[in-house]
Amino acid sequence: MEIGVKLSFRILDWEEEKPYELLLMADPSKAIVDEYLSRGVCFIAEYEGEMVGEFVLLKTRPETVEIVNIAVQEELQGQGVGKHMIKEAIEAARRLGGRTVEIGTGNSSFHQLKLYQRCGFRIVGVDRDFFVKHYEEEIIEDGIRCVDMIRLALDLDTVAEENKK
């Protein structure tokens, strides 16, 4: 059985230490992470009592929630944890009143792009030069410079309709 189905989720308490090791895996700018943590809700994924991942949800517009950060411990990647975290993030966004869930990732983040699309997200746009404008240091993934943010969205009404079929 894959680990993902045995995950439990909880909201990070304000007094708790922030899981920067995970947060900075997904976003290398502590200043940007701190900014959206101050406005969003951080969810912790646990497996057998140990923190194995996190995601942060942020209400961006009416009925729209964005997953602004999501990370899984490196040694557990590829074991279904990320997929289950995305599904939980979608349900949490729905509980927050979202009808649309958005997520963005780098042009060089091939594994993430594949995962998000497998979870039903569709590409809706590109923020050109996002990582050049907002990050001081270059981000390189698999030998490719991360320059643009690929924006994806999931319409929760569409998902609900497809689940009825």
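One is the number of the first residue; the rest follow in order along the sequence.
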Q.
Assigning hydrophobic clusters by single linkage (Ile, Leu, Val, Met, Phe, Trp, Tyr; side-chain heavy-atom cutoff under 4.5 Å), is Ile103 placed with Val41?
A. yes

**Q.** Exercise: identify the closest heavy-atom pair between Met51 and Pro19
**A.** SD-CB, 3.5 Å

Q.
Pair Phe43, Phe55 - check ring pair (Phe, Tyr, Trp, His ring centres under 6.0 Å), show working.
A. CA-CA 5 Å; Phe43 291 79; Phe55 62 87; 4.8 Å; yes

(Q) Could you measure the distance from the CG atom of Asn69 to the CD1 atom of Ile32? Nearest 0.5 Å is fine. (A) 11.0 Å

Q: List the atom of Glu21, the atom of Met25, and the distance in Å for their closest heavy-atom pair.
A: O-CG, 3.2 Å

Q) Hey, quick one: are Tyr47 and Leu76 part of the same hydrophobic cluster, counting side-chain heavy atoms closer than 4.5 Å, chains of contacts allowed? A) yes

Q. Taking only residues two or more places apart in sequence, or in another chain, which ones meet Leu115 in a side-chain contact (heavy atoms from CB on, under 4.5 Å)?
A. Lys83, Ile86, Cys119

Q: Would you check, one step at a time, whether the test salt bridge (Lys or Arg N to Asp or Glu O under 4.0 Å) holds for Glu66 with Arg61?
A: CA-CA 9 Å; Glu66 183 173 354; Arg61 292 185 304 283; over 6 Å; no

Q.
Is the shortest side-chain heavy-atom distance between Met85 and Leu7 below 4.5 Å?
A. yes

**Q.** Stepwise side chain to side chain contact (heavy atoms under 4.5 Å, CB included) check, Val56 with Leu23
**A.** CA-CA 9 Å; Val56 178; Leu23 290 159; 3.9 Å; yes

**Q.** Glu35 with Arg39: basic N within carboxylate O range, under 4.0 Å
**A.** yes

Q: Could you pull out the closest heavy-atom pair between Glu16 and Ile11, with the gap in Å?
A: OE1-O, 4.4 Å

Q.
For a side chain to side chain contact (heavy atoms under 4.5 Å, CB included) check, start with the C-alpha distance between Arg10 and Glu46, then their side-chain angles and the critical distance, and finish with the verdict.
A. CA-CA 8 Å; Arg10 65 180 178 82; Glu46 294 178 323; 3.0 Å; yes

Q: Enter the distance from Tyr116:OH to Ser109:OG here, rounded to the nearest 0.5 Å.
A: 7.5 Å

Q: For the pair Asp142 (side chain) and Ile144 (backbone), establish whether a donor and an acceptor sit closer than 3.5 Å, ignoring hydrogens and angles.
A: no

Q. How many angstroms lie between atom CG of Leu37 and atom NZ of Lys18, to the nearest 0.5 angstrom?
A. 7.0 Å

**Q.** Those residues that, when tested against Phe110, pass ring-ring contact (aromatic ring centres under 6.0 Å, His included) (two or more places apart)
**A.** none

Q) Do Asp148 and Phe131 come close enough that some side-chain heavy atom pair is under 4.5 Å? A) no

**Q.** For Asp129, all residues meeting salt bridge (charged side-chain N to carboxylate O under 4.0 Å, His left out), sequence neighbours excluded
**A.** none

(Q) In the structure I gave you, are the side-chain heavy atoms of Val147 and Phe130 within less than 4.5 Å of one another anywhere? (A) no

(Q) Between Val65 and Leu58, is there a side-chain heavy-atom distance shorter than 4.5 Å? (A) no

Q.
Taking atom CZ as the centre, does Arg99 end up with more than 12 heavy-atom neighbours from other residues, nucleotides or ligands that are less than 6.0 angstrom away?
A. no

Q | Nearest heavy-atom neighbours spanning Ala153 and Thr100 | A | CB-CG2, 4.3 Å

Q. With hydrophobic residues grouped by side-chain heavy-atom distances under 4.5 Å, do Val68 and Leu156 end up in a single group?
A. no

Q.
A side-chain contact here means heavy atoms from C-beta on lying under 4.5 Å apart; do Met149 and Thr105 qualify?
A. no

(Q) Nearest 0.5 Å, please: how far is CG in Leu154 from CZ in Arg94? (A) 8.5 Å

(Q) Is there a side-chain contact between Ile67 and Glu102 in this structure, where contact means two heavy atoms from C-beta onward sitting under 4.5 Å apart? (A) no

Q: Report yes if some heavy atom in the side chain of Phe121 is under 4.5 Å from a heavy atom in the side chain of Leu113; otherwise report no.
A: no

Q: To the nearest 0.5 angstrom, please state how far the CD atom of Gln73 sits from the CD atom of Gln79.
A: 10.5 Å

Q) Glu136 side chain to Val132 main-chain N or O, any donor-acceptor pair under 3.5 Å? A) no

Q. Which value, rounded to the nearest 0.5 Å, describes the distance between Cys42 atom SG and Asp13 atom CG?
A. 11.0 Å

Q. Cation-pi between Lys30 and Tyr20: NZ/CZ under 6.0 Å from ring centre and within 45° of the ring axis?
A. yes

(Q) Minimum heavy-atom separation for Leu57 and Ala89, please, with both atom names. (A) CD1-O, 3.8 Å

(Q) Ignoring hydrogens, what is the shortest heavy-atom contact between Ser38 and Trp14? Give both atom names and the distance. (A) O-CH2, 3.9 Å

(Q) Hydrophobic cluster membership, with links at side-chain heavy-atom distances under 4.5 Å among I/L/V/M/F/W/Y: are Phe9 and Ile70 in one? (A) yes

Q: Kindly check if the number of other-residue, nucleotide or ligand heavy atoms within 6.0 Å of CD (Glu75) is above 12?
A: yes

Q) Counting only heavy atoms not in His111, do more than 12 sit closer than 6.0 Å to its NE2 atom? A) no

